[in-house]
Number of protein chains: 2
Amino acid sequence: MAPNRTSPDLSFLLDRTSHVLRTRMAAALGEIGLTARMHCVLVHALEEERTQIQLAELGDMDKTTMVVTVDALQKAGLAERRPSSTDRRARIIAVTEKGAEVARQSQEIVDRVHADALASLPDDEREVLLRALDRLVTGHLAEPVEAARPARRARQ
Amino acid sequence: MAPNRTSPDLSFLLDRTSHVLRTRMAAALGEIGLTARMHCVLVHALEEERTQIQLAELGDMDKTTMVVTVDALQKAGLAERRPSSTDRRARIIAVTEKGAEVARQSQEIVDRVHADALASLPDDEREVLLRALDRLVTGHLAEPVEAARPARRARQ
DNA sequence: TATTGTTATACTCTATAACTATA
DNA sequence: TATAGTTATAGAGTATAACAATA
């Protein structure tokens, strides 16, 4: 939602572009049965042996969200939980052969959706856009302000 | 959440910047007891006589979300519901004197948060960033892809 | 005592459905 | 019949709390 649409302001521009891009990404990945999270986990799990906690951190997810994401990957036959050889509490997420193939496809989809969005911009604008956003992400907009959450009551 | 952080991709950049800016905006507006939505409604209601539906459309909110937003503004003494003189179904949202003063403050806050974020960028980059985002919003990323929602069952 | 992964579930957010009054 | 506003609540998404196994 736009805080104020009278002047095209930064909040509106960022909210709107990220939201629309997200819906496009979800629709495109949905065609091969993936969510953005599943794609994210697949790609990072392929890079090297990683535990659920490590993958959760990389994808900026809660560990409980990670559980359902891995459940979905496992159910789809794209990844498996394997006991870590060094820590019996931890599970290594191993990508299956099918999972590796799907990850290749999903990365293509992600790249295409991004390329499609950026294609409408002149070359020089595209470059500056990415550089400026990166500057914001690593600089002034690096850290979210955490909201004061009301304490949750204990479960029954 | 970032779909993939290995290469700095557009999804991650937009999601992250919009999310962090949103938390900063929420924190800043929260100091004077406003949400972004309340600010949005106040500003648009000040411009001219508008009904809840009109304000909802401007802020890209559902009419039911508008009800609670106006409730909050009314409870805070910042706006009132007045019967429309031309349509007895409709309510004009009238901003109180206090509401107008708060809207002035909140607009200052919004402008400051935006200025702070953009201040870290070189002048030319800042301009191109805003132009490029605007191009995306009005062009390739104008329309969200609507997700297929499962039909909701009737209420009891 | 702290941490990994898990289950259960509290909470928030949003929007659909249903309703009343009016057009 | 259609629309403005309202109420109630379903459903999705997310994260906290508690727990078992292990460090």
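Just so we're on the same page: letters track the sequence lines, and every chain starts at 1.
- Protein atom CE of B:Met61 is 14 Å distant from nucleotide atom P of C:dC13, rounded to whole Å.
- Salt-bridge check for B:Arg16 with A:Asp60: passed, with a basic side-chain N closer than 4.0 Å to an acidic carboxylate O.
- Listed nucleotides: C:dA18, C:dA8, C:dA15. Nearest to the side chain of B:Thr64: C:dA15.
- Here the C1' atom of nucleotide D:dT6 and the CE atom of B:Met66 are 14 Å apart, to the nearest Å.
- Checked for salt-bridge contact, A:Asp123 and A:Arg126 meet the test: a charged N lies under 4.0 Å from a carboxylate O.
- Protein atom CZ of A:Arg152 is 11 Å distant from nucleotide atom C1' of C:dT12, rounded to whole Å.
- For B:Glu31, there are no side-chain hydrogen bond (donor to acceptor under 3.5 Å, both in side chains) partners, not counting sequence neighbours.
- Rounded to whole Å, atom P of D:dA2 lies 16 Å from atom CD1 of B:Ile53.
- The CG atom of B:Leu55 sits 9 Å away from the P atom of D:dG5 (whole-angstrom rounding).
- Considering only residues two or more places apart in sequence or on other chains, A:Pro122 meets the side-chain contact (heavy atoms from CB on, under 4.5 Å) condition with A:Asp124, A:Glu125, B:Arg135.
- Residue pairs meeting the salt bridge (charged side-chain N to carboxylate O under 4.0 Å, His left out) criterion with at least one member in residues 82-93 of chain A, sequence neighbours excluded: A:Glu80-A:Arg82, A:Asp87-A:Arg89.
- In summary, A:Glu108 and A:Arg112 do not engage in a salt bridge, as defined by a charged side-chain N under 4.0 Å from a carboxylate O.
- Rounding to whole angstrom units, CG of residue A:Asp62 and C1' of C:dA8 are separated by 14 Å.
- Following rounding to the nearest Å, B:Glu49 (CD) and D:dA4 (C1') show an atom-to-atom distance of 16 Å.
- Looking at residues 73-95 of chain B, you'll see B:Arg81, B:Arg89, B:Ala90, B:Arg91 sit with a heavy atom under 4.0 Å from some atom of DNA chain D.
- Each salt bridge (charged side-chain N to carboxylate O under 4.0 Å, His left out) pair with one or both residues in residues 61-72 of chain B, not counting sequence neighbours, appears once here: B:Asp71-B:Arg81.
- Distances from the side chain of B:Val67 to the nucleotides D:dT7, D:dA4, D:dT16 place D:dT7 closest.
- A sub-4.0 Å separation between OP1 or OP2 of C:dT14 and a side-chain N or O of B:Arg37 is present.
- Listed nucleotides: D:dA15, C:dT16, C:dC11. Nearest to the side chain of A:Thr65: D:dA15.
- Looking only at distances, no side-chain donor or acceptor of B:Ser18 sits under 3.5 Å from a matching main-chain atom of A:Asp15.
- Overall bending of the helix from C:dT1-D:dA23 to C:dA23-D:dT1, expressed as the angle between end axes built from five pairs apiece, is 10° (10° steps).
- Using a 4.0 Å cut-off, no side-chain N or O of B:Gln54 falls inside it from OP1 or OP2 of D:dA4.
- If you check C:dA10, C:dA18, C:dG5 against the side chain of A:Lys63, the one that comes closest is C:dG5.
- Atom CG in A:Asp60 sits roughly 17 Å away from atom P in D:dG13 (whole-Å rounding).
- Within the 4.5 Å cutoff, side-chain heavy atoms of A:Leu130 are placed close to those of A:Leu118.
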